[in-house]
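Atom set for the values below is all heavy atoms of this structure, side chains included, hydrogens, waters and symmetry mates excluded.
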Amino acid sequence: MSKSLIVYFSHKGENYWNGSMKVLTEGNTEIVAKMIQELTGADLFEVERKEPYPQEYRACVAQAREETLSNARPEPRAYPEGMEEYDTIFLGYPNWCGTMPMVLFTFLEHYDMAGKKICPFCTNEGSKMGRSVQDIRQLCPDSIVEEGLSVHGAEAADSLNLVQAWVKEVSA
C-alpha cells in the first residue's frame with residue numbers, strides 16, 4: 001500500500017504579493033500543502049529552519065540570496081521520523097533565487113530518497129519552478145521526480161482546481 005507525505009517550507013510574514021508587500025499569517029506554500037492534504041489524506045510535515053528566516057521581505061531575500069550563492073546548508077529545526085514508510089513525497093516550497101530554499105537541499109540530502117516518487121510544487125510570483133526540478137533530480141538521482149506544479153502565490157487560496165488536476169495527474 002502506498003503511503004504519502006507532504007513536506008513543505010513556507011514563509012509567513014512580509015511577502016511579495018502581486019507587485020506590493022503583504023503580511024501573511026499563513027504562507028502561500030502552506031495553503032497549497034493543506035489543499036493537497038485534503039485531497040490525498042497524506043501526512044503533513046512543515047520544514048522550519050533552525051534559525052528562522054527574517055519576517056521582513058527584503059531581509060529574507062538577502063539571506064536567501066546569500067545562502068544560494070554560497071551553496072549553504074542551513075539546518076532544519078526537525079526532521080520527520082519514519083521516512084522509509086513513504087513511497088511518495090509531495091515537496092512544496094516558494095521559488096527563492098530560481099530554486100527552492102536551501103534548507104530543503106539540507107532536508108533532501110539527509111535521507112536516502114532512492115525509489116521514492118517526489119512530486120514538487122512551488123509557489124511564486126511569476127518565476128514558476130525555476131531550476132528547482134532539475135536541482136531535486138540532481139539531489140535525488142535514484143528517485144522518480146515528477147514535473148512540478150507552479151502556483152502563482154497571490155492566487156494560492158483560489159488554486160484548488162489547479163491543485164486537484166495536478167494531484168490526479170501525479171497520482172495516476
Task: Thr123 and its side chain to side chain donor-acceptor pair (under 3.5 Å) partner, picked from Asn15, Thr29, Asn95 - done: Thr29
TODO: Using distance alone, with no hydrogens and no angle criterion, decide if Ser4 and Tyr86 have a side-chain donor and acceptor under 3.5 Å apart.
DONE: no
Task: Heavy-atom check, side chain of Val163 versus side chain of Asn161, under 4.5 Å - done: no
TODO: Return the orientation label for the Phe45 and Phe107 ring planes: parallel under 30°, perpendicular over 60°, tilted otherwise.
DONE: parallel
Open item on the list: Is there a continuous path of hydrophobic side-chain contacts, each under 4.5 Å between heavy atoms, that joins Leu44 to Leu39?
Closed with: yes
Open item on the list: Donor-acceptor pair, distance only, cut-off 3.5 Å: does the side chain of His11 make one with the backbone of Pro54?
Closed with: yes
Task: Check against salt bridge (Lys or Arg N to Asp or Glu O under 4.0 Å), Glu147 and Arg137 - done: CA-CA 10 Å; Glu147 288 304 316; Arg137 286 182 176 140; 3.0 Å; yes
TODO: Please answer whether the main-chain N or O of Asp158 pairs with a side-chain N or O of Glu155 as donor and acceptor at a distance below 3.5 Å.
DONE: no
- [ ] Please name the pair of heavy atoms, one in Lys128 and one in Cys122, separated by the smallest distance, quoted to 0.1 Å.
- [x] O-SG, 3.5 Å
Task: Worked verdict on Val103 versus Phe9 for side chain to side chain contact (heavy atoms under 4.5 Å, CB included) - done: CA-CA 8 Å; Val103 69; Phe9 173 86; 3.9 Å; yes
Open item on the list: Is it true that, when you exclude Glu84 itself, more than 12 heavy atoms of the residues, nucleotides or ligands shown sit nearer than 6.0 Å to its CD?
Closed with: yes
Open item on the list: Taking Glu85 first and then Lys116, would you say they form a salt bridge - that is, a charged N and a carboxylate O separated by under 4.0 Å?
Closed with: no
TODO: State plainly whether the residues Lys34 and Glu30 are in salt-bridge range, i.e. N to O under 4.0 Å.
DONE: yes
Open item on the list: Does Gln138 have more than 12 heavy atoms from other residues, nucleotides or ligands lying within 6.0 Å of its CD?
Closed with: no
Open item on the list: Before you tell me yes or no, could you show the steps for Glu125 and Asn18 under side chain to side chain contact (heavy atoms under 4.5 Å, CB included), namely the whole-Å CA-CA distance, both residues' side-chain angles and the distance that decides it to 0.1 Å?
Closed with: CA-CA 7 Å; Glu125 285 299 304; Asn18 273 343; 3.7 Å; yes
Open item on the list: Any side-chain to backbone donor/acceptor pair from Asn71 onto Glu67? Under 3.5 Å, distance only.
Closed with: no
Task: Test item: Glu75 side-chain N/O and Arg49 main-chain N/O as donor-acceptor pair under 3.5 Å - done: no
Task: Heavy-atom closest contact (Asp43 atom, Lys3 atom, distance) - done: OD2-CE, 3.5 Å
TODO: Could you tell me whether Arg73 atom CZ has more than 12 heavy atoms of other residues or ligands within 6.0 Å of it?
DONE: yes
Task: Reference residue Lys12; test salt bridge (Lys or Arg N to Asp or Glu O under 4.0 Å); the match among Glu46, Glu48, Glu26 - done: Glu46
Task: Minimum side-chain heavy-atom gap Val47-Thr106 below 4.5 Å - done: no
- [ ] Starting at CD1 of Ile136, measure out to CD of Glu146 and round the result to the nearest 0.5 Å.
- [x] 11.5 Å
Task: Reported OH-to-CG distance for the pair Tyr93 and Leu104, which is rounded to 0.5 angstrom - done: 8.5 Å
Task: Residue pair Trp17 / Leu24, side-chain heavy-atom distance below 4.5 Å - done: yes
Task: Main-chain N/O of Tyr57 paired with Glu14 side-chain donor or acceptor, under 3.5 Å - done: yes
- [ ] Could you pull out the closest heavy-atom pair between Val167 and Ser171, with the gap in Å?
- [x] O-OG, 2.7 Å
- [ ] Please report the closest heavy-atom contact between Gly148 and Met129, naming both atoms and the distance.
- [x] CA-CE, 3.6 Å
Task: For Cys60 against Trp96, the heavy-atom pair lying closest together - done: SG-CH2, 3.5 Å
- [ ] Determine whether Met21 and Arg58 make a side-chain contact, defined as any pair of heavy atoms from C-beta on separated by less than 4.5 Å.
- [x] yes
TODO: Please assess Met100 against Leu91 for the test side chain to side chain contact (heavy atoms under 4.5 Å, CB included), listing each intermediate value before the final yes or no.
DONE: CA-CA 10 Å; Met100 60 191 165; Leu91 182 66; 4.3 Å; yes
Open item on the list: Could you walk me through whether Ile89 and Met113 satisfy the side chain to side chain contact (heavy atoms under 4.5 Å, CB included) test, starting with their C-alpha distance in whole Å, then the side-chain angles of each, then the deciding distance to 0.1 Å, before giving a yes or no?
Closed with: CA-CA 9 Å; Ile89 309 296; Met113 300 295 237; 4.2 Å; yes
Task: SG on Cys119 to CD1 on Ile36, rounded to 0.5 Å - done: 8.5 Å
Open item on the list: Please say yes or no: joined through hydrophobic side-chain contacts below 4.5 Å, possibly via intermediate residues, are Leu139 and Val7 part of one cluster?
Closed with: yes
TODO: May I ask whether Leu160 and Tyr8 are part of the same hydrophobic cluster, defined by side-chain heavy atoms of I, L, V, M, F, W, Y residues being less than 4.5 angstrom apart, directly or through others?
DONE: yes
Open item on the list: Let me check something: do Tyr79 and Phe105 share a hydrophobic cluster, defined by ILVMFWY side-chain heavy atoms less than 4.5 Å apart, either directly or through other members?
Closed with: yes
Task: For the student: nearest non-hydrogen atoms of Tyr53 and Met102, plus distance - done: OH-N, 4.3 Å
- [ ] Indicate, with yes or no, if Leu5 and Val145 share a hydrophobic cluster defined by side-chain heavy-atom contacts under 4.5 Å among Ile, Leu, Val, Met, Phe, Trp and Tyr.
- [x] yes
TODO: Kindly say whether Ala42 contributes a backbone atom to a donor-acceptor pair with the side chain of Thr40 at under 3.5 angstrom?
DONE: yes
Task: Distance-only polar pair, side chains of Ser150 and Asn124, donor-acceptor under 3.5 Å - done: yes
Open item on the list: Let me confirm one number: the OH-CG distance from Tyr16 to Asn28, rounded to the nearest 0.5 Å.
Closed with: 13.5 Å
Open item on the list: If you define the side chain from C-beta out and look only at heavy atoms, does anything of Ile144 sit under 4.5 Å from Ile118?
Closed with: no
TODO: Mind checking the OG-OH spacing from Ser143 to Tyr111? Nearest 0.5 Å is all I need.
DONE: 13.5 Å
Open item on the list: To the nearest 0.5 Å, what is the distance between CZ on Phe121 and CH2 on Trp166?
Closed with: 6.5 Å
